[in-house]
Amino acid sequence: MKMKPPEIFRSVIHHMCCKRLPKKEANMKKGMLVFFALALVIAGFSCYPAPAQSQTIELTFNHLVPPKHLRNIHVLEPWSKMIEERTKGKVKIKHFYSNTLAPVAESFDATAAGVCDMTEAYTFGNPGRFLLTEFLALPQMGFPTAESCAKALWHIYKTFPEVQAEYKGVKVLWLHTTPNMKMNTKKKPVKTLEDLKGMKIGVSGALGVKVGKALGLSPVTIPTPDLYEAGDKGVIDGFVRPAELLISRKLGEVTKYVTDVDLGHDLFFIIMNQKKWDSLPPDVQKVFNDLSGDWAVDFTGKEWDKFEKAARTEVEAKGIEFYTLPPQEAERWKKAVIPVQDEYAADLEAKKKPGKKVLEELRKFSEKK
């Protein structure tokens, strides 16, 4: 069994110092002892592993989207590279696309349990969990862009402990949203509320169903990855989503007309496992804090608005027609959906949640922007 360097050192000292030697020999031995001791100290240091914080920290990131999605290209990959560069290679982020590590409905709990270190997912994939957050899924809230809506969402998150409680058990890095969603159809343009009658339209979650019924259409809840096939096979006549998906998910191949009207937003969270966060060294946590929160909300919103605009330009060049409602008709659509906002607030109040306060705060925030 090998002795550790300190034990060897003690053994050598004992051997060399306990023997009685002539003076000349003793001085030689003393010099040799010093030299040998220094060599042992140097060798001893080389035997021990490097401190844990110098080792690479690998983090798994469960993505909602595929690699070629515009949000991945313009937001998630650049953000990951910034984290790796700012930590000087201390952190390495390993990407798993299209819900490889956990399906949407399980992604929050899977991250909380440590199945994955980080996740991006949308709130409506977790029915009943993000009731206060989902105010901003409603149409005509007054936030037409991804940037303005994401800032409103982050504002209520920071303002209301009840909103923060919806994310209990994980470290929230940031929240973000789509630009306002539009009416996309294949066979005919939608120019009036009457045009919607009898049309089967793909919507997001339970709130999308409420809004669809208020507009007089036949809502069908369909996850975004399934919209292409549903549109291609005629299962639906159209869908409510932002323009960038016409490129990111190739939905422009099953769309001919887009009615440019505010039909709400899809909402997203980016979270980290709490134990993983707690285990990160302080300098790494600082990098994440610098590149999350307010900064990331602003960055994501601005980038999303850029590629939304670029996507619209690209699909218009391919022949997809965009139609803007004239003011009188736009007001009819607004009047049809505004009651849904108040009804939603009342439903939350019945669940002992501050629905009215959150709605009031969002309306005030809209006026300030």
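- Atom CZ of R86 has 12 or fewer neighbouring heavy atoms from other residues, nucleotides or ligands inside a 6.0 Å radius.
- Partners of E244 under the salt bridge (charged side-chain N to carboxylate O under 4.0 Å, His left out) rule, at least two apart in sequence or in another chain, do not exist in this structure.
- Side-chain contact between L59 and K92: absent, with no pair of heavy atoms (C-beta onward) separated by less than 4.5 Å.
- No side-chain donor from either of R249 and T224 sits under 3.5 Å from a side-chain acceptor of the other.
- Side chains of I236 and I222 form a contact here, defined as non-hydrogen atoms less than 4.5 Å apart.
- Between the side chain of E134 and the backbone N or O of A206 there is no donor-acceptor pair closer than 3.5 Å.
- Between L362 and L136, the closest side-chain pair of non-hydrogen atoms falls below 4.5 Å.
- Remark: side-chain polar atoms of T178 are not paired, donor with acceptor, to backbone N or O of P242 under 3.5 angstrom.
- Y228 and E253 share a donor-acceptor pair across their side chains, judged by distance under 3.5 Å alone.
- Surrounding CD of Q328 are at most 12 heavy atoms belonging to other residues, nucleotides or ligands under 6.0 Å away.
- A ring-centre distance under 6.0 Å is not found for Y157 and H155.
- When ring centroids are compared, F135 and Y344 come within the 6.0 Å threshold.
- Counting only heavy atoms from C-beta outward, the side chains of R363 and S366 never approach each other to under 4.5 Å.
- Between the side chain of T87 and the backbone N or O of I83 there is at least one donor-acceptor pair closer than 3.5 Å.
- Looking at V115 and E106, their side chains never come closer than 4.5 Å, going by heavy atoms from C-beta outward.
- Between K94 atom NZ and T60 atom OG1 the span is 9.0 Å, to the nearest 0.5 Å.
- Taking the six-membered ring for Trp and the full ring otherwise, W174 and W79 have centroids separated by under 6.0 Å.
- A donor-acceptor contact shorter than 3.5 Å links the side chain of N62 to the backbone of A102.
- A distance-only check finds no donor-acceptor pair linking the side chain of H69 to the backbone of L64 [under 3.5 Å].
- For the salt bridge (charged side-chain N to carboxylate O under 4.0 Å, His left out) test, residues two or more places apart in sequence or in another chain that qualify with R312 are D260, E316.
- Defined by atom type and a distance below 3.5 Å, a donor-acceptor pair is missing between the side-chain atoms of E77 and H95.
- At a threshold of 4.5 Å between non-hydrogen side-chain atoms, the residues M82 and F299 count as touching.
- Taking the ring centre of Y257 as origin, the terminal cationic atom of K188 falls outside the region bounded by 6.0 Å and 45° from the ring axis.
- Considering CG of L196 and OG1 of T192, their distance stands at 7.5 Å, rounded to 0.5 Å.
- The residue from E166, K357, K351 that alone fulfils the side-chain contact (heavy atoms from CB on, under 4.5 Å) condition with L132 is E166.
- To the nearest 0.5 Å, atom CD1 of residue I270 and atom OG of residue S292 are 8.5 Å apart.
- Between the CG atom in D195 and the OG1 atom in T185 there is a gap of 9.0 Å [rounded to 0.5 Å].
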**Message:** Using salt bridge (charged side-chain N to carboxylate O under 4.0 Å, His left out), reason through E343 and K210 one step at a time and then give a plain yes or no.
**Reply:** CA-CA 10 Å; E343 289 169 13; K210 286 187 177 183; over 6 Å; no

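- The line from CD of E308 to CD1 of I247 is 10.5 Å long, rounded to the nearest 0.5 Å.
- F143 and F365 have tilted rings, their planes meeting at an angle from 30° to 60° on a 0 to 90° scale.
- Here Y97 is tied to no hydrophobic group at all, with no ILVMFWY side chain closer than 4.5 Å.
- Counting only N and O atoms by type, the side chains of T111 and N273 include no donor and acceptor under 3.5 Å apart.
- If you check the side chains of N180 and K182, you find a donor sitting under 3.5 Å from an acceptor.
- A side-chain contact (heavy atoms from CB on, under 4.5 Å) with L215 is found for exactly one of L263, V340, I201, namely L263.
- A side-chain donor-acceptor contact under 3.5 Å links K256 to the backbone of G319.
- Remark: side-chain polar atoms of H176 are not paired, donor with acceptor, to backbone N or O of V297 under 3.5 angstrom.
- A side-chain donor from one of Q274 and D278 sits under 3.5 Å from a side-chain acceptor of the other.
- In this structure, N126 and A105 approach most closely via the heavy-atom pair OD1-O, 3.6 Å.
- The aromatic rings of F130 and Y167 lie tilted to each other, with the angle between the two planes from 30° to 60°.
- Surrounding NZ of K356 are at most 12 heavy atoms belonging to other residues, nucleotides or ligands under 6.0 Å away.
- Although no hydrogens or angles enter the test, the distance criterion places no donor-acceptor pair under 3.5 Å between the side chain of S204 and the main chain of G208.
- Atom CG of residue L175 and atom NZ of residue K158 lie 11.0 Å apart, to the nearest 0.5 angstrom.
- When W154, W304, F124, F108 are each tested for a ring-ring contact (aromatic ring centres under 6.0 Å, His included) with F268, only one passes: W304.
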**Request:** Apply salt bridge (charged side-chain N to carboxylate O under 4.0 Å, His left out) to the pair K171 and D117, showing each step before the final yes or no.
**Result:** CA-CA 10 Å; K171 166 69 176 177; D117 297 319; over 6 Å; no

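- A donor-acceptor contact shorter than 3.5 Å is absent between the side chain of T255 and the backbone of G252.
- The number of heavy-atom neighbours closer than 6.0 Å to CD of E229, taken from other residues, nucleotides and ligands shown, is 12 or below.
- Taking every heavy atom of both residues into account, M272 and L280 meet most closely at SD-CD1, 4.1 Å.
- Proximity of a side-chain donor or acceptor of S148 to a complementary backbone N or O of T145 within less than 3.5 Å is detected.
- For the pair T177 and A150, the tightest heavy-atom approach, listed with the atom from each and the gap, is OG1-N, 3.7 Å.
- Side-chain contact check for P189 versus E321: every heavy-atom pair is 4.5 Å or farther apart.
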